[in-house]
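Data first, discussion second: the structure below is written as structure tokens.
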Amino acid sequence: MDKATKERLHEIREAIKKYGFDKILGQTAKNKIRSKGDDEANELLWDDEIPVKLRLMFQDLGTTFIKLGQLLSTRPDVVGEKIADELANLQDDNPPITYEQVKSIVEEELDGKIEDLFEDFNHQHLATASIGQVHEAKLITGEHVAVKIQKEGITDKIDLDVRILKYIANRADKFNSDLRKLNLPGIMDEFDRSIHKEIDYNNEFMNMQRIEMNFEDNPNIHIPSTYANYCSSKVLTMEFIEGTDLNDVYASTGDEFDKKLLAKNVIDSYLQQLFIDGFFHGDPHPGNIKILENNVICYLDLGMMGSFDEKFKRDLSEVVLLFMDQDVDGLINQLMYMDILDYDIDTTTLRRDLNDLFGRYFGVQLNRFDGVLEALLSLMQEYGVILPNEVVTMARGLSMIEAIAHNLDPEIDVFAELKPVAKRIAKQKLDPKRYFKGKKSNAILYGHMIQALPGLLTRTIHKIDNEELQFRFEVDITDKVSIIALISALIIGSSVVSFGPRLFDMPVISLIGYIIAIILSVIGMRKFVLK
């Protein structure tokens, strides 16, 4: 362990001790983390002061821990609502760096003199945070821009802290059974990915390019333009936005803004990100949205984005529909299908708790999610369910967008906007064309399957004939009736299937069923006829 690591580890251990968390983690005389397993340590896990102490400790330890706290503030399903709410108050600020430091970073990253790159570059920063700060500037070509500069040495500091945090998480998980259920190593892996995306400005640049393309045909949504020749992993140059803050729009009383239109457009634009594009703003709070002329909505700070693949979008759409229909059994089955719930979970109790939740929030006609999503996340936590990060990010983002929409138009019905979108995506799951549409790889795969099928079937039967292949079935196939019934069921079942991708003009599922029936027939022939 090098000197820098030892010094930083000592600082972290002292902070842990200062705020009393050593009693939770447990420490030996050699400062190695272990489980105390005593009542004092267990009581501290439920201490009402823990959220505040945790926030103060993270604040004292600086950038990496502030970012970790901000991540945990989005995971009430993991740390609980009290801790998540308290960590949301973390302030991500640091003293600004000097203009000379800014100039040095810009010139090194963009490989040129700052006066040759910019017609004007404001020496005073617009905003500063722990990772970077923003300056107003004007390009040589005349564009009015905002330049985001990463502070020098921040990457090395974060790398060091992340290594230490992973060490602490692994030790705590190994020796403390009370903390093991939090899956601290998993949280740290997620945090590692998240913070390294944030400190690589190329990632935000690509996010802005992608979401700009997604909304290129929508005149109601604007994404700031980016300037590739003025961007790097530590410098991001984008269009300067001079819109109106949402709080000022809320307070406006004239006809400058169409608040009902804005409410509908902000909801529709976020639903497009979630269910159409599968690529969505992970932190759409009011400070990251400005309103431009003609009621145009502008999304800012696109470093934290979530993404869904096509299958997950369809599955999530079904979850939303089942949730809005209060279909408890369907919801449980869908969450099991998505591997979010284990099949051995106590479904009787979960069904009762979900019915109580729906009864509490859907006792009257609702037009918003306020409180429902938080209650559902809290319920999942009680059952020890760790939801995928993207689901929690989506739920948090949807709650923020809903709050914005209701501040603009208290009468807007969010469910009415959401349901048709979810239905449209869910229906795609039943469309056989989706198996082939735009998927050349599928055609190649099916071609390979057709070519390989005869040889595979011949080799399988040959191995059965030579007793080189054995099968284990849960049903009893020691008598003729059992195996004939099984073969008959396979043939009948395969004959009535009419959905899914097709080979030889029949569904692949049917073809597989017939092949299994043939194999069982060979086994039966050997066992009962040729014996």
Side-chain angles (χ1 to χ4, degrees), residues 70 88 91-93 122 124-129 131-139 143-149 198 201 204-205 207-227 230-231 236-274 277 279-306 393 396-410 412:
Q70 290 173 342
Q91 298 298 313
D92 180 15
D93 55 13
N122 195 326
Q124 298 299 316
H125 63 275
L126 286 173
T128 186
I131 290 178
Q133 66 186 44
V134 180
H135 286 253
E136 185 177 0
K138 186 177 182 181
L139 298 180
E143 292 89 345
H144 188 191
V145 296
V147 186
K148 187 176 177 181
I149 303 101
E198 185 173 351
Y201 289 173
E204 185 170 354
F205 170 77
N207 289 343
M208 295 176 73
Q209 294 273 305
R210 180 175 174 182
I211 198 169
E212 185 178 18
M213 288 178 60
N214 291 341
F215 284 108
E216 62 182 353
D217 297 325
N218 188 337
N220 299 312
I221 306 298
H222 182 76
I223 307 298
S225 300
T226 49
Y227 301 88
Y230 297 85
C231 295
L236 178 64
T237 303
M238 69 191 85
E239 173 189 359
F240 189 91
I241 299 297
E242 298 184 85
T244 305
D245 292 341
L246 272 173
N247 287 330
D248 293 332
V249 176
Y250 298 155
S252 65
T253 55
D255 57 2
E256 181 183 359
F257 302 104
D258 186 336
K259 295 182 183 179
K260 286 185 178 293
L261 176 64
L262 286 172
K264 177 174 171 48
N265 286 345
V266 77
I267 286 289
D268 289 348
S269 67
Y270 203 68
L271 294 181
Q272 176 185 326
Q273 292 174 55
L274 290 175
D277 304 327
F279 186 67
F280 57 96
H281 200 308
D283 193 24
H285 63 74
N288 285 339
I289 296 176
K290 284 189 179 289
I291 306 302
L292 311 184
E293 291 183 359
N294 300 317
N295 297 294
V296 172
I297 297 162
C298 179
Y299 284 97
L300 302 171
D301 196 2
L302 295 152
M304 185 190 296
M305 302 293 291
T393 302
R396 178 172 175 267
L398 189 57
S399 294
M400 289 181 182
I401 288 293
E402 181 189 59
I404 290 170
H406 271 275
N407 278 325
L408 291 165
D409 177 13
I412 191 169

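What you see below is based on every heavy atom in this structure, not just the backbone, and it leaves out hydrogens, waters and symmetry mates.
Side chains of Ile297 and His222 form no contact here, defined as non-hydrogen atoms less than 4.5 Å apart. Annotation: side chain of Phe205 is not in contact with side chain of Met208 (no heavy-atom distance under 4.5 Å). Counting heavy atoms from C-beta outward, Leu302 and Glu212 have side chains that stay 4.5 Å or more apart. Here the side chains of Phe257 and Leu262 are in contact, with some heavy-atom distance below 4.5 Å. For the pair Leu126/Phe240, a side-chain contact is recorded, criterion being any heavy-atom separation below 4.5 Å from C-beta on. The shortest side-chain heavy-atom distance between Arg396 and Met400 falls under the 4.5 Å cut-off. Between Asn220 and Val296, the closest side-chain pair of non-hydrogen atoms is not below 4.5 Å. The shortest distance between side-chain heavy atoms of Tyr299 and Ile211 does not fall below 4.5 Å.
For the atom pair CD1 (Ile267) and CG (Leu271), the distance works out to 6.0 Å, reported to the nearest 0.5 Å. In this structure, Asn407 CG and Ile412 CD1 are separated by 11.5 Å, a value rounded to the nearest 0.5 Å. To the nearest 0.5 Å, atoms CD (Glu239) and CD (Glu143) are separated by 10.0 Å. One finds the CG atom of Asn295 at 10.0 Å from the OG1 atom of Thr244 (value rounded to the nearest 0.5 Å). The distance from atom CD1 of Ile241 to atom CD1 of Ile291, rounded to the nearest 0.5 Å, is 11.5 Å. If you take CG on Asp248 and NZ on Lys290, they are separated by 8.0 Å, rounding to the nearest 0.5 Å.
Using the six-membered ring where Trp is involved, His125 and His135 have ring planes that are perpendicular, over 60° apart on the 30 and 60° scheme.
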Are Asp301 and Lys148 close enough, and set up right, to give a side chain to side chain contact (heavy atoms under 4.5 Å, CB included), and what steps lead you there?
-> CA-CA 11 Å; Asp301 196 2; Lys148 187 176 177 181; 4.2 Å; yes
Does the side chain to side chain contact (heavy atoms under 4.5 Å, CB included) test come out yes or no for His144 and Glu136, once each step is laid out?
-> CA-CA 8 Å; His144 188 191; Glu136 185 177 0; 2.6 Å; yes
Could you please spell out the steps behind the side chain to side chain contact (heavy atoms under 4.5 Å, CB included) verdict for Ile401 and Ile289?
-> CA-CA 10 Å; Ile401 288 293; Ile289 296 176; 4.1 Å; yes
Before giving the answer on side chain to side chain contact (heavy atoms under 4.5 Å, CB included), spell out for Tyr230 and Val145 the whole-Å C-alpha distance, their side-chain angles and the decisive distance to 0.1 Å.
-> CA-CA 10 Å; Tyr230 297 85; Val145 296; over 6 Å; no
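Here the closest non-hydrogen pair linking Pro284 and Ile404 is O-CD1, 3.5 Å. Pairing each heavy atom of Ala263 with each of Ala405, the nearest pair is CB-O, 3.5 Å. When all heavy atoms are compared, the tightest approach of Tyr227 to Met238 is CE1-C, 3.9 Å. Between Pro286 and Leu246 the shortest heavy-atom distance is CA-CD1, 3.7 Å. Summarising the geometry of Asn207 relative to Gly303, their closest heavy-atom pair is ND2-O, 3.6 Å, with the distance given to 0.1 Å. Nearest heavy-atom pair across Leu292 and Gly243 is CD2-CA, 3.6 Å.
A salt bridge links Lys260 to Asp409: at least one charged side-chain nitrogen sits closer than 4.0 Å to a carboxylate oxygen.
Checked by atom type and distance alone, the side chain of Asp277 never pairs as donor or acceptor with a backbone atom of Asn214 at under 3.5 Å. Looking only at distances, a side-chain donor or acceptor of Tyr270 sits under 3.5 Å from a matching main-chain atom of His281.
At most 12 heavy atoms of other shown residues, nucleotides or ligands fall within 6.0 angstrom of atom CD in Glu293.
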